[in-house]
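Below: the structure, in structure tokens.
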Amino acid sequence: MIIRKSPAELEKMRRSGLLVYKILQDLAAMVKEGITTHDLEVVAEKMIRDAGARPAFKGYYVPSAGSRYPFVLCTSINEEIVHGMPSSKRVLKKGDVVSIDTGVELEGYFGDSAYTVCVGEPNESVRKLLKVTEESLEMAIDKMRPGNRLFDVCETVEKHVVSNGFSIVREYVGHGIGTSLHEEPQVPNYVDRKNENPRLKEGMVLAIEPMVNAGKPDTKVMPDRWTAVTKDGSYSAHFEHCVAVTANGPWVLTRP
Ligand code: MF3
Ligand code: CO
């Protein structure tokens, strides 16, 4: 069942969304050669606690990993797709393609967002990977209108990515979000005919999160049991927003 949120609940999700936005903005300003992903983690955790919020990822149990995720951020670099773990040993260098993903719970409601940036100037292929992935999210956001269907969102991401010669990660998907980090429905970045294709209705909120590989779609999980990487070592990008369906169209909760 897809839980629809009242206008008052959407206002609460908006507050979580704007906190996530502020954190990601501040972290973006820190991303430079020489800093570590642990430096980002420290700042993010302080901002979350100072806001009276709770990190949504830290302590979150993921069955496939068999443990609770230990950090407030996922920092996934280059061939890492998602669930890369912050570390004081991971020093950013020029040309690194860094995805930063975080979530918070504020007054019982969750927000979740991610983006990918290059340290220093991206080369042409990285520039295109980031551009196409972000565009695919924006185009999917525009489908978040009453009367459209879930597959319209999924198909929009898939078509844009594939027509630009990149590939869609299939093992990790977007999700509904609200009083839990992950609610129904799953939001794959491709049309999965095994799934239901519900009509989008006012008050539904989806975390749409295209994960796009420059090379082949295949993934594997590193021995740490969390970090998902591309099998072929190609770079991967990830952008995410929480988006509400409203009578007036899409409302992106995770940006102003
Ligand atoms: N944005 C990702 C998701 O919604 C990150 C989750 S990290 C986890 O699944 F630790 F919470 F799993
Ligand atoms: Co998410």
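Order of appearance sets the numbers: ligands from 1, and atoms from 1 within every ligand. Just so you know, residue 1 is the first one in the sequence shown, and it goes up from there.
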Determine, step by step, whether Thr246 and Asn248 satisfy the side chain to side chain donor-acceptor pair (under 3.5 Å) criterion, reporting the C-alpha distance in whole Å, the side-chain angles of both residues, the deciding distance to 0.1 Å, and the verdict. CA-CA 5 Å; Thr246 81; Asn248 303 323; 4.7 Å; no
Which residue and atom name correspond to the protein heavy atom nearest atom 1 (N) of ligand 1, and how close is it? Asp101 OD2, 2.7 Å
Cluster question for you: counting only ILVMFWY and a side-chain heavy-atom cut-off of under 4.5 Å, with indirect links fine, are Val229 and Val82 together? no
Ignoring angles and geometry beyond distance, decide whether Glu209 reaches within less than 3.5 Å of ligand 1 through its nitrogen or oxygen atoms. yes
With hydrophobic residues grouped by side-chain heavy-atom distances under 4.5 Å, do Val119 and Ile77 end up in a single group? yes
Numbered atoms of ligand 1 (with element) below 4.0 Å of Val62, judged on heavy atoms: 12 (F)
With atoms numbered from 1 as shown, which atoms in ligand 1 lie under 4.0 angstrom from a non-hydrogen atom of Tyr69? 10 (F)
Part of Asp112 within contact of ligand 1 (heavy atoms, under 4.0 Å): side chain
Suppose we only allow N, O or S atoms; which atom of Glu209 ends up nearest to the Co ion (ligand 2)? OE2
Ionic contact status for Asp96 with Lys93, cut-off 4.0 Å: yes
Is Asp192 paired with Lys194 through a side-chain N to carboxylate O contact shorter than 4.0 Å? yes
The angle formed at the Co ion (ligand 2) by OD2 of Asp112 and OE2 of Glu240 is about (to 10 degrees) 80°
Under 4.0 Å from a heavy atom of Glu240: which atoms of ligand 1 are those, numbered in the order shown and with their elements? 1 (N)
Evaluation steps, side chain to side chain donor-acceptor pair (under 3.5 Å), between His182 and Tyr60: CA-CA 11 Å; His182 294 146; Tyr60 189 82; 2.7 Å; yes
With a distance cut-off below 6.0 Å to the six-membered ring centre and an angular limit of 45° from the axis, does Arg15 pair with Tyr109 as a cation-pi contact? no
Return yes when at least one N/O/S atom of His175 is nearer than 2.8 Å to the Co ion (ligand 2), and no when none is. yes
Check ion pair Arg127-Glu124 (N to O, under 4.0 angstrom): yes
Test item: Tyr115 side-chain N/O and Ala28 main-chain N/O as donor-acceptor pair under 3.5 Å: yes
Cationic N near anionic O, under 4.0 Å, Glu41 to Arg90: no
The atoms of ligand 1 lying under 4.0 Å from a heavy atom of His83, numbered in the order shown, are 5 (C), 6 (C), 7 (S)
Let me check your reading of the structure: within less than 2.8 Å of the Co ion (ligand 2), is there an N/O/S atom from Asp101? no
Checking heavy atoms under 4.0 Å, the part of Tyr60 that sits near ligand 1 is side chain
Atoms of ligand 1 close to His175 [distance to a heavy atom under 4.0 angstrom, numbered from 1]: 3 (C), 4 (O)
Could you check whether any heavy atom of Cys74 sits closer than 4.0 Å to an atom of ligand 1, since that is the contact criterion I want to use? yes
May I ask whether His182 has any heavy atom positioned less than 4.0 angstrom from an atom of ligand 1? yes
